[in-house]
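Below: one structure, written as structure tokens.
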Amino acid sequence: PHDVLVLTFKGKPYLEETNFISSDPVIFRYATGSDKTVFNGYIYKIIPMSDIKGNTTKMICLSASHVLKNGGQEIFKGGT
């Protein structure tokens, strides 16, 4: 089981402005009232879409479900 975060952006991102690629880490903070949550995952897939209304881009992100997470989970940035 995985947690899934789907972000939808209006328009088509320009490559000069964004360098998102699959497997990049994602940290997304959100709240419902006083309940605050953090999604720690990675970009699984980026889907550019076009229809009669215009261009949009979907970014699908995955994370281990709460059951699979442990206290030692880490996100590494800028590593080679």
query: When rounded to the nearest 0.5 angstrom, what distance separates CD1 in Ile27 from SG in Cys61?
result: 11.5 Å

- prompt: Is there a donor in the side chain of Asn40 and an acceptor in the side chain of Ser63, or the other way round, less than 3.5 Å apart?
  reply: no

Side-chain touch Thr57/Ile46, heavy atoms, less than 4.5 angstrom: yes

task: Evaluate side chain to side chain contact (heavy atoms under 4.5 Å, CB included) for Phe28 paired with Thr37, printing each intermediate quantity in order.
output: CA-CA 8 Å; Phe28 186 80; Thr37 308; over 6 Å; no

query: Between Phe39 and Asp3, does a side chain to side chain contact (heavy atoms under 4.5 Å, CB included) hold up when you go through it step by step?
result: CA-CA 8 Å; Phe39 175 93; Asp3 293 332; 3.9 Å; yes

Residues in side-chain contact (heavy atoms from CB on, under 4.5 Å) contact with Thr32, at least two apart in sequence or another chain: none

message: Apply the hydrophobic cluster definition, ILVMFWY joined by side-chain contacts under 4.5 Å directly or through others, and give me every member besides Ile60.
response: Val4, Val6, Tyr42, Tyr44, Ile47, Met49, Leu62

- prompt: Looking at residues at least two apart in the chain, or sitting in another chain, which of them share a side-chain hydrogen bond (donor to acceptor under 3.5 Å, both in side chains) with Ser34?
  reply: none

